[in-house]
Amino acid sequence: KTGKLKARTIQIIQLLKQNGGKIEAKQLETALGISRTEDPSMFYKPLAAMRKWDLLQSHKTVIFDETGKKHFKTEYELTPEFFYKYIEKTLLEVVKKEIEMI
């Protein structure tokens with residue numbers, strides 16, 4: 001399972017880079033060949049991990065169709081600069097704990 005999630009995460013990053021750092025959820029779903037409704041865990045698990053690490057941000061927009069029905073458009077954005085800050089902060093906390101234990 002971990003290998004599949006890692007491969008899917010790399011694939012998502014590559015797709016984001018190819019699209020200028022942003023991609024719509026529907027485009028991502030099509031590119032990955034995974035249905036968000038039929039197999040949500042395979043679609044959302046890597047995205048959730050990437051958001052946890054600040055490598056990815058999601059932006060939701062509310063859209064109304066001709067009949068007034070509400071729809072949501074989700075776009076994912078690659079944010080490596082936030083990821084670097086997350087890693088730096090995490091590393092700093094680990095080093096501080098290590099030094100305090102000495």
- Item | Residue pairs passing the salt bridge (Lys or Arg N to Asp or Glu O under 4.0 Å) test where at least one lies in residues 72-94, sequence neighbours excluded |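 Of all non-adjacent pairs touching residues 72-94, none passes salt bridge (Lys or Arg N to Asp or Glu O under 4.0 Å).
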- Query: Is there any salt bridge (Lys or Arg N to Asp or Glu O under 4.0 Å) pair reaching into residues 12-30, and which pairs are they, with sequence neighbours excluded?
  - Reply: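 Qualifying pairs: Glu29-Arg36.
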- Which atom pair, heavy atoms only, marks the closest approach of Arg51 to Ser58?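 Heavy-atom minimum between the residues: CD-OG, 3.8 Å.
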- Please report the shortest heavy-atom distance between Pro46 and Ser41, naming the atom on each side.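 Minimum heavy-atom separation between Pro46 and Ser41: CD-O, 4.2 Å.
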- Message: Please determine whether residues Trp53 and Tyr84 belong to a single hydrophobic cluster, defined as Ile, Leu, Val, Met, Phe, Trp and Tyr linked transitively by side-chain heavy-atom distances below 4.5 Å.
- Response: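 Looking at the clustering, Tyr84 is in the same group as Trp53.
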- Query: Are Leu47 and Tyr86 in one and the same hydrophobic cluster, where Ile, Leu, Val, Met, Phe, Trp and Tyr link if side-chain heavy atoms are under 4.5 Å apart?
  - Reply: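 Leu47 and Tyr86: one cluster.
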Would you compute the distance between atom [atom1] of [X] and atom [atom2] of [Y] and round it to the nearest 0.5 angstrom?
X: Phe64; Y: Lys69; atom1: CZ; atom2: NZ; result: 12.5 Å
X: Leu92; Y: Ile87; atom1: CG; atom2: CD1; result: 12.5 Å
X: Thr79; Y: Gln57; atom1: OG1; atom2: CD; result: 5.0 Å
X: Leu16; Y: Leu56; atom1: CG; atom2: CG; result: 6.0 Å
X: Phe43; Y: Leu32; atom1: CZ; atom2: CG; result: 6.5 Å
X: Leu78; Y: Leu15; atom1: CG; atom2: CG; result: 11.0 Å

- Message: Apply side chain to side chain contact (heavy atoms under 4.5 Å, CB included) to residues Tyr76 and Leu28 and explain how you reach the verdict.
- Response: CA-CA 9 Å; Tyr76 296 104; Leu28 184 60; 4.1 Å; yes
- Query: For Arg8 and Ile34, what are the C-alpha separation, side-chain angles and deciding distance, and is it a side chain to side chain contact (heavy atoms under 4.5 Å, CB included)?
  - Reply: CA-CA 11 Å; Arg8 182 144 307 114; Ile34 300 169; 3.0 Å; yes
- Would a 4.5 Å heavy-atom cut-off, applied to side chains only, mark Ile12 and Met50 as touching?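 Contact flag for Ile12/Met50 side chains = yes.
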- Query: Would you say the side chain of Phe72 lies within less than 4.5 Å of the side chain of Ile63, judging by non-hydrogen atoms?
  - Reply: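 No, their side chains stay 4.5 Å or more apart.
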- Under the 3.5 angstrom rule, does the side chain of Asp39 hit a backbone N or O of Ser35 as a donor-acceptor pair?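 Pair absent, no side-chain N/O of Asp39 close to backbone of Ser35.
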- Item | Counterpart residues, side-chain hydrogen bond (donor to acceptor under 3.5 Å, both in side chains), relative to Thr67 (two or more places apart) |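 For Thr67, the residues satisfying side-chain hydrogen bond (donor to acceptor under 3.5 Å, both in side chains) (neighbours in sequence not counted) are Asp65.
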